[in-house]
Amino acid sequence: MAGEERRFKIGYALLPKKENSFIRESLVNLAKSRGVDLVKIDRERPLVDQGPFDSVLHKLYGEDWKRQLEGFRSQNPNAVIVDSPDAIERLHNRISMLQVVSELKIQNQSETFGIPKQIVIYDQETLFDNQAWELLKFPVIAKPLVADGSAKSHKMTLVFNRDGLSKLKPPIVLQEFVNHGGVIFKVYVVGDYVRCVKRKSLPDVSEEKLKTLEGSLRFSQVSNLPTQEKNDDQYYKMMHLEDTELPPQSFMTDIAKGLRKAMKLNLFNFDVIRDTRFGNRYLIIDINYFPGYAKMPGYEMVLTDFFCDILSMKEREKGLVEERCQKKMAGTDGRLLLNSCEEEVRKTETNSCCSGGEEMENSIQV
Ligand SMILES: Nc1ncnc2c1ncn2[C@@H]1O[C@H](COP(=O)(O)OP(=O)(O)OP(=O)(O)O)[C@@H](O)[C@H]1O
Ligand SMILES: O=P(O)(O)O[C@H]1[C@H](OP(=O)(O)O)[C@@H](OP(=O)(O)O)[C@@H](O)[C@@H](O)[C@@H]1OP(=O)(O)O
Ligand SMILES: [Mg+2]
Ligand SMILES: [Mg+2]
């Protein structure tokens with residue numbers, strides 16, 4: 001795309017915190033140098049009145065935004081919306097979020113993957129119901145069922161025994177806490193790009209320690225705390241990120257590709273832990289839409305490549321339609337020709353949006 005006259009406009013709609021971390025001058029400039037202008041969408045004005053945009057990048061919540069995107073899409077069927085609000089919505093519930101993992105089929109002889117045992121609790125009474133507990137054993141992590149990006153949705157409680165249950169506020173997911181050596185792997189996905197990094201996590205809880213621990217412990221976004229904070233805290237001192245081996249890249253890539261296809265999403269990350277009881281068993285515990293990419297070294301290049309890929313794909317599809325139309329014209333005449341050509345354009349227009357048709361979705365997969 002470099003040096004060519006055709007320029008592209010990508011509108012972005014992000015909350016201020018995300019905008020501050022993601023829209024850095026370095027990203028804006030790199031994208032610009034490759035023909036892509038990143039333009040802020042004004043959230044105070046209707047989306048349909050803004051643009052024109054070749055693509056819309058977004059991480060906003062709520063019905064109003066969904067309606068705005070739908071309106072925009074019907075007026076701009078050729079624009080690529082990254083990603084579809086319906087596909088993103090699956091990640092707003094911690095049960096539907098991980099359901100997709102259970103459906104994945106990946107051939108691998110030496111490693112296995114899955115999700116921790118978990119149950120959903122909608123009311124206080126069920127919390128103490130023995131039947132609900134048949135599947136689980138302590139310690140467990142209580143996670144708010146809703147994962148909508150609010151501070152509340154990140155408030156976790158590590159529960160050591162029954163005494164720790166009374167403070168919990170359903171609806172929650174109770175997930176078995178799995179010892180994993182205090183290190184979590186975050187796998188960032190940007191289209192077909194996959195990058196796995198290590199972060200500090202909660203320390204293991206031994207059977208011995210469990211007997212002495214009281215009730216519960218509350219925490220929030222432990223893998224997102226500034227490094228300094230973790231070093232200062234003796235809880236984290238004993239863990240050694242450097243000594244931990246990353247999971248095999250090809251295995252993570254296979255899972256990432258499978259998730260991307262199943263979820264029809266291009267921008268997400270997932271958290272993986274390695275079960276210390278087995279060493280080759282990996283558990284996916286969380287999937288996040290449009291995560292903190294700026295923490296990934298060289299994110300500017302990765303994201304700019306992705307923008308260029310989706311935009312050139314869009315252009316190529318447009319070119320293909322025109323070509324198909326021309327071929328049809330050569331073999332037909334009069335009104336029939338006009339009708340079939342319009343039909344061809346309509347077909348591709350609905351297909352050329354990330355959030356809509358299969359063809360584009362599949363074609364931006366590897
Ligand atoms: N089943 C589990 N076993 C062991 N540790 C876990 C488990 N689930 C979560 N954790 C720990 O708790 C942290 C927070 O959990 P989780 O990732 O589900 O929350 P989150 O608020 O959605 O995180 P994020 O900031 O990545 O969105 C994880 O990073 C990990 O350190
Ligand atoms: O805060 P950062 O930009 O780093 O990104 C974090 C992001 O926050 P933001 O989108 O609100 O900014 C979180 O999203 P919500 O669940 O709150 O929607 C979640 O995806 C975290 O996992 C991200 O951290 P990472 O997983 O990459 O370490
Ligand atoms: Mg997480
Ligand atoms: Mg999360």
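All figures in this text were calculated on a predicted structure; none of them were measured in a lab.
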Just by modelled atom types, is the [Y] backbone N or O under 3.5 Å from a matching donor or acceptor in the [X] side chain?
X: K198; Y: L241; value: yes
X: R162; Y: F128; value: yes
X: E176; Y: P116; value: no
X: T157; Y: A142; value: no
X: T126; Y: D129; value: no
X: K209; Y: D204; value: yes
X: N108; Y: E111; value: yes
X: S55; Y: I81; value: no
X: K18; Y: F290; value: yes
X: R45; Y: Q50; value: no

Exactly one of K59, M263, H58 clears side chain to side chain contact (heavy atoms under 4.5 Å, CB included) with I88, and that residue is H58
Would you name the heavy atoms of [X] and [Y] that are closest together and state the gap between them?
X: I121; Y: P170; result: O-CB, 3.5 Å
X: F72; Y: L47; result: CB-CD2, 3.6 Å
X: V183; Y: I273; result: O-CG2, 4.4 Å
X: Q124; Y: L168; result: NE2-O, 3.3 Å
X: L60; Y: R43; result: CD1-CD, 3.4 Å
X: A79; Y: F53; result: CB-O, 3.6 Å

Practice prompt. Look at R6 together with D54 and state whether they make a salt bridge at an N to O cut-off of under 4.0 Å.
Written response: yes
Review point. Is K264 salt-bridged to D83, cutoff N-O under 4.0 Å?
Key: no
* Can you tell me if NZ on K295 sees more than 12 non-hydrogen neighbours from other groups inside 6.0 Å? -> yes
Looking at E245, I want to see if its CD is surrounded by more than 12 non-hydrogen atoms of other residues, nucleotides or ligands under 6.0 Å.
no
Between the side chains of [X] and [Y], does any donor sit under 3.5 Å from an acceptor?
X: E208; Y: T212; result: no
X: N78; Y: N76; result: no
X: Q175; Y: K143; result: yes
X: R277; Y: N179; result: no

Grouping ILVMFWY residues whenever side-chain heavy atoms fall under 4.5 Å, the cluster of M301 otherwise contains L30
- Q118 vs L174 side-chain heavy atoms within contact, under 4.5 Å: no
I want to check something: taking the side chain as every heavy atom from C-beta on, are N269 and Y293 in contact at a cut-off of under 4.5 Å?
no
Self-check item: Step-by-step side chain to side chain donor-acceptor pair (under 3.5 Å) determination, D148 to S150
Solution: CA-CA 6 Å; D148 61 0; S150 59; 2.6 Å; yes
Indicate if V187 and I184 have the same hydrophobic cluster label, given that clusters are the connected sets of ILVMFWY residues with side-chain heavy-atom separations under 4.5 angstrom. no
Worksheet item: Hey, do the aromatic rings of Y193 and Y188 have their centres closer than 6.0 Å?
Response: no
_Are W133 and F138 an aromatic pair, judged by ring center distance below 6.0 Å?_
yes
Regarding R24 and the six-membered ring of F22, is the cationic atom NZ or CZ under 6.0 Å from the ring centre and inside 45° of its axis? no
Y282 meets the ring pair (Phe, Tyr, Trp, His ring centres under 6.0 Å) criterion, sequence neighbours left out, with F251
> Can K9 and L38 be said to form a side-chain contact (heavy atoms from CB on, under 4.5 Å), step by step?
Replying inline: CA-CA 6 Å; K9 241 185 216 167; L38 293 172; over 6 Å; no
Worksheet item: Should Y61 and L15 be marked as a side-chain contact (heavy atoms from CB on, under 4.5 Å) after you check the CA-CA gap, both sets of side-chain angles, and the distance that decides it?
Response: CA-CA 9 Å; Y61 305 95; L15 292 175; 4.3 Å; yes
